[in-house]
Amino acid sequence: MSSEQGPGHHQQPPVAAEPNMDQTPFARPVSTFSMTGGERLSQAPTVFVDAASDIDAAPKDAEPSGAANGLDASNAAPGDRISQAPTVFVDVPSEAGVTKAAAASASTDDLQPPNVFANGTPSAVSVANSAQANNLPYRNSVAPTAVGSTQNFGDSDKEAALSDAPREISPVPDLGPQSDEDDGGKKKRKKLFLILGGVAALAIVAVAVAVPVALKTKKSSPSGSSSSSSSSGNTGSGPSDGPTNSGPKSGVTGGDGSIITTEKGTTFTYVNKFGGTWYDDPDDPYNNNAQAQSWTPPLSQEWDYQNDPMRGVNLGGWLVPEPFIVPSLYEPYLNATPPAQDEWTLSLAMAADTANGGLSQMEQHYDTFITEEDFAQIAGAGLNWLRIPIPFWMVEKLPEEPFLEKVSWKYLLKAFKWARKYGLRIQLDLHSVPGSQNGFDHSGKGGVGGQVNFLVGPMGLANAQRTLDVIRVITEFISQPEFTPVVPMFGLINEAQATRIGDNTIVSFFLEAHDMIRGITGTGAGKGPWIALHDAFRGLTAYKDFLPGHDRIVLDTHPYLMFGAPDRTPLANQVNKPCSNWASSLNGSWTDFGPTIAGEFSLAVNDCGRWINGVGQGTRWEGTYQGDGTKGDCTEWNDYASWTQDTKDNFKKLAMNSFDALGHWFFWTWKIGASSVTGKIETPMWSYQLGLQEGWIPADPAQAVGSCGNTNPAKALTPEMVGAAGPGVISASVKAQYPWPPTQINPNLSPDNVPVYTPTGPIPTLAMPTPTKGTADGWFDDADTTLMMAPIAGCTYPDPWGSADATNPGPCGGSSRGTTTTTTSADAEETTASTDESTNESTDDETRRIRRVRNVIPKPRRTSAP
């Protein structure tokens, strides 16, 4: 890596300059709320039973209105569809089954949505009649469905019109040790169902006689579809293991104040002042009725990218340990040979340290750094998404690579379980790929002068082949209907450095990965995960009209304030930077490309902090790393215990502006570990959890809506942008422009003249959680039978991690034009016979892309799951 770019995590190479747009933030709307209790207004003509309702306990005079219309919901399970009538949900505090003492102690603010309804009572202002109505984006595309409801994303004036008093800040979830508290005062709620009884009865009969239709090559969803459930039904795992019809059993669901017992037998109190509910039934493991907050859709409903705001955090440093996030892992090995500076060298040092457990120390880190309580706290903090970085060696690795193979998958399965329990959605992010995509330490091997060997150098294409295999295996797992509701998004490669790989080359890879994934999942809304692509430091404007015809791609960008020349002005002068620097480019991308998210950002206004730029590296602020000649002092930025209230208030304002400017975001990162040397967190500007504890992160992130102001809302997403229209097929002309393999591998190598792998390796099926239920086996598309890429027997390959500048040995055993991509169900329909690996087609079109050597095998050869 060049010295100008730096070795640390998130160092950002130069990007194309953005146009001078009107610098105004997003104004994308959030979901509508009812006027009395904050629940989402249904945009589908359907009624669902609330997971927290207790209909049987309701007294006669508090009977739900649905009963008055001839509907008996007493036997309905949470999330069950009980009406087809056009319905508006109105959520009100229930008095049923709540003692007078408990009711008296209940805070009326506990069940309220953010910002809009501070008094817990209907506003007299109707959106349709308000003075701000004309400024609401998308008024005609998703119209308000009840008097007083609103679609609201970024206008503080609209919120003021809807509330007579400012919303109080909800208490910060207790992030310290939790005690076992009596949850007898836990609040219960129930829904008032405004339904047409006759239509509901017909709907119930229709559901009762419905018969799932089996698909020939794709595994069906619990409802008989190969896609995940929509907002009109649940997602479970079939009649034998999906959500039952008898309602939740005692002890499998709860809300604020309930006691959680973990798998290790420890307990903590669930703190969620936003109406969130958890759900965990061992007999119903794929139940998706949990809600992170009352206004966040339960997992049983599709996420609405047009209207639902993504407010998330990264679980950085967990399954991909980074030095500045978990310094205590690296500090014991600073004097090792070589010193630990990335996971490669850390793994070597740990493996040699048998006295302290060897490489098993890595699993101990997985087991303790992030736990179930973190997931509960994240939901309680008003957040609804997680971005989880993962490494390729979670799937498999080469023998010479020192990483702990496959063990992290066990903990990712725990993440799936905990996210489902607390109603959180996950974006998986492939953070580390074979050969390194950027030379940074988080890519597996990197640091000062780190090499890029992904699509660069003699092993660049072979490393890309391995990367596609990893993406394929993970896609097969998360596309199973049992998991798609929990993992609706997959980031394919984190922070690939296009300046070293080449713009056209990285786009060719994106196109090949897109087609491979959609060959597995099919195209259209609800079929497999959304694909998240980092901008590869090319700038957002480079993605206008990107790969026309693509199916459900989200663009991911990582705006940071501190990678560059230090700004030494007071913090108070910098808090508006997100509004002026980020809002317009994100807003423009939302209009020009489609869904655009900030997958990473922080509150760091400079690069102070232990190892922000890499192990052993200094800081720009102190003039010890790419400095400007000024010798600053990082003590005031690292010693958060000495921060004044003004400092904390300024950081909070910076956070609020960041949230509002970015719209859909994932803070980097949830947690920072303490240094084993100082006993303190040395990078406080990067920890969301610490900011909540200490008061510089808002307890309610939704309060940030409108913080930047709102004068130029983004346009509504088109149906094509959300997979609701079009076949999801990229044209032949675009594929000709971006062929696979790419026309060139930097530096100026022909893909026909570099070493490659061939599809001869077994398929490493990922393990299902145990005990498991249903028919899911870790592989969604039964027609996907192509073997994995593996070295050609008898061939000698250059170092996959260190050959970027090596002499190219040329191909071994054949050119890359004989390599293989995935054979999916779509391929199987076209080809029914195997083709020899060395097949050479003669057409000009075929010579511009990889030849698919289809090995259609009745039964895939797979390794046993770890």
Side-chain angles (χ1 to χ4, degrees), residues 1-2 5 12-18 430 433-439 443 451-468 471 491-518 531-551 553-557 589 592-594 729-756 804 808 815-817 819 821 844-852:
M1 173 171 293
S2 65
Q5 291 162 351
Q12 302 205 36
V15 299
E18 301 289 358
L430 188 57
V433 305
S436 178
Q437 72 275 21
N438 51 34
S443 69
Q451 285 196 10
V452 175
N453 291 278
F454 169 82
L455 287 175
V456 175
M459 289 299 290
L461 182 55
N463 283 329
Q465 290 176 310
R466 290 179 62 199
T467 301
L468 287 169
I471 292 171
L492 303 191
I493 181 169
N494 179 66
E495 295 182 348
Q497 205 174 138
T499 54
R500 298 171 75 174
I501 295 170
D503 281 7
N504 285 358
T505 301
I506 195 63
V507 174
S508 291
F509 178 83
F510 289 159
L511 172 54
E512 179 68 7
H514 169 276
D515 285 357
M516 178 188 68
I517 290 172
R518 293 305 173 219
I531 298 169
L533 299 179
H534 180 255
D535 62 18
F537 304 113
R538 301 173 68 223
L540 294 178
T541 55
Y543 292 85
K544 183 177 181 179
D545 301 322
F546 179 73
L547 298 181
H550 70 250
D551 181 55
I553 294 179
V554 168
L555 187 56
D556 175 15
T557 191
S589 181
D592 294 339
F593 170 83
V729 176
I730 296 172
S731 70
S733 62
V734 173
K735 292 184 178 182
Q737 184 180 358
Y738 301 106
W740 186 259
T743 56
Q744 177 179 304
I745 303 293
N746 279 342
N748 199 29
L749 298 173
S750 168
D752 288 321
N753 194 37
V754 294
V756 293
N808 178 30
S815 79
S816 64
R817 302 298 176 182
T819 55
T821 56
D844 291 338
D845 289 342
E846 288 300 313
T847 61
R848 292 187 56 80
R849 66 180 179 84
I850 192 168
R851 287 191 174 87
R852 299 192 173 192

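The basis for the numbers below is simple: all heavy atoms, side chains too, and nothing from hydrogens, waters or symmetry mates.
Side-chain contact between N504 and P742: absent, with no pair of heavy atoms (C-beta onward) separated by less than 4.5 Å. The side-chain heavy atoms of L492 and L430, taken from C-beta on, include no pair separated by under 4.5 Å. With a 4.5 Å cut-off on side-chain heavy atoms, R518 and I531 count as touching. Under the 4.5 Å side-chain criterion, counting only non-hydrogen atoms from C-beta, S436 is not in contact with Q451. Using a 4.5 Å cut-off on side-chain heavy atoms (C-beta onward), L749 and L461 make no contact.
P434 and T467 get closest at one heavy-atom pair: CD-OG1, 3.2 Å. Scanning all heavy atoms of the two residues, the minimum distance from N438 to E495 falls at ND2-O, 3.0 Å. Taking all atoms of both residues into account, the shortest heavy-atom contact from G435 to N463 is CA-ND2, 3.6 Å. Of all the heavy atoms in N746 and R500, the pair that sits closest is ND2-O, 3.1 Å. Residues A496 and H534 approach most closely at N-ND1, 4.2 Å, considering heavy atoms. For the pair S733 and S731, the tightest heavy-atom approach, listed with the atom from each and the gap, is OG-OG, 3.0 Å.
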Checklist entry - Does the pair Y543 and D592 meet the rule for a side chain to side chain contact (heavy atoms under 4.5 Å, CB included), with working shown? => result CA-CA 8 Å; Y543 292 85; D592 294 339; over 6 Å; no
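Taking CG from D556 and CG from D535, the interatomic distance works out to 7.0 Å, rounded to the nearest 0.5 Å. Note: I506 CD1 to L511 CG = 12.0 Å, rounded to the nearest 0.5 Å. I730 CD1 to Q737 CD: the interatomic distance, rounded to the nearest 0.5 Å, is 11.5 Å. With values rounded to the nearest 0.5 angstrom, L540 atom CG is found 4.5 Å from T557 atom OG1. L533 contributes atom CG, which lies 5.0 Å from atom CZ of F510 (distance to the nearest 0.5 angstrom). A distance of 10.0 Å separates CD in E512 from CD1 in I471, rounded to the nearest 0.5 Å.
Between F546 and F593, the angle of the ring planes lies from 30° to 60°, which puts this pair in the tilted group.
A donor-acceptor pair is defined here as one N or O able to donate and one able to accept, closer than 3.5 Å; such a pair exists between the side chain of N808 and the backbone of N753. Formation of a donor-acceptor pair under 3.5 Å by the Q437 side chain with backbone atoms of N494 is found in this model.
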